[in-house]
Amino acid sequence: MKTEELIEYARTARNRAKAPYSKYKVGAALLTEDGTVIMGCNIESKAYPSTMCAERVAIFSALARGYNRFQAMALITDDGGTPCGACRQVMLENLGNIPVYIADQNGDYKILTVGELLPHPFH
Ligand code: THU
């Protein structure tokens, strides 16, 4: 699948984000080994720490559905923001060293591997 196509899935996921408190919507799309796309969006809670990030929604959803081998992940936010530390750790533990496409609303994106996102990890 083309990079831009996976980013489009992330954009669709981002439209499902529930971010009434931060207003910062995040979309994620995870491409599995067999070509399935599993999407995630951030979902905020009135009890703020109960919020879950888009990346972890996608990863946990994929694992729960029995997928554990992945080709790539796409993320999209307004400003091309990179994943939080907690998500980087979960990505490293579950995705392997795959490329992560990090896009903004203009369609610009950068590509970083999971290993580049979290050097010197806790194992
Ligand atoms: N958020 C994500 O979905 N992924 C990240 O890696 C960083 C932060 C969400 C959590 C919260 O809903 C909003 O962005 C602002 O922090």
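When a ligand or atom number is given, it counts from 1 through the structure's own listing order.
- Short contacts between ligand 1 and Glu55, defined as distances under 4.0 Å to a heavy atom of the residue, involve ligand atoms 2 (C), 3 (O), 4 (N), 5 (C), 6 (O).
- Distances from atom 3 (O) of ligand 1 to the heavy atoms of Cys41, Ala54, Ala58 show the closest one on Ala54.
- Here the CZ-CD distance, from Arg11 to Gln105, works out to 5.0 Å after rounding to the nearest 0.5 Å.
- Contacts of Ser22 with ligand 1, taken as heavy-atom pairs under 4.0 Å, involve the side chain alone.
- A pairwise comparison of heavy atoms in Val114 and Asn97 identifies N-OD1, 3.5 Å as the closest pair.
- In this structure a side-chain-to-backbone donor-acceptor pair under 3.5 Å is missing from Glu55 to Met91.
- Within the 4.0 Å cut-off (strictly below), no protein heavy atom is located near atom 16 (O) of ligand 1.
- Within ligand 1, counting atoms from 1 as listed, the ones closer than 4.0 Å to a heavy atom of Asn42 are 3 (O), 9 (C), 11 (C), 12 (O), 13 (C), 14 (O).
- Listed for the Arg88 side chain is no donor-acceptor partner under 3.5 Å among the backbone atoms of Leu118.
- Residue contact check: Cys84 has heavy atoms under 4.0 Å from atoms 5 (C), 6 (O), 7 (C) of ligand 1.
- The closest protein non-hydrogen atom to atom 8 (C) of ligand 1 is Cys53 SG, 3.8 Å.
- Listed by number with element, the atoms of ligand 1 under 4.0 angstrom from any heavy atom of Glu44 are 11 (C), 12 (O), 13 (C).
- Under a 4.0 Å N-O distance rule, the pair Arg14/Asp78 qualifies as a salt bridge.
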Decide yes or no on side-chain hydrogen bond (donor to acceptor under 3.5 Å, both in side chains) for Tyr24 and Asn42, but give the supporting numbers first.
-> CA-CA 9 Å; Tyr24 190 77; Asn42 55 325; over 6 Å; no

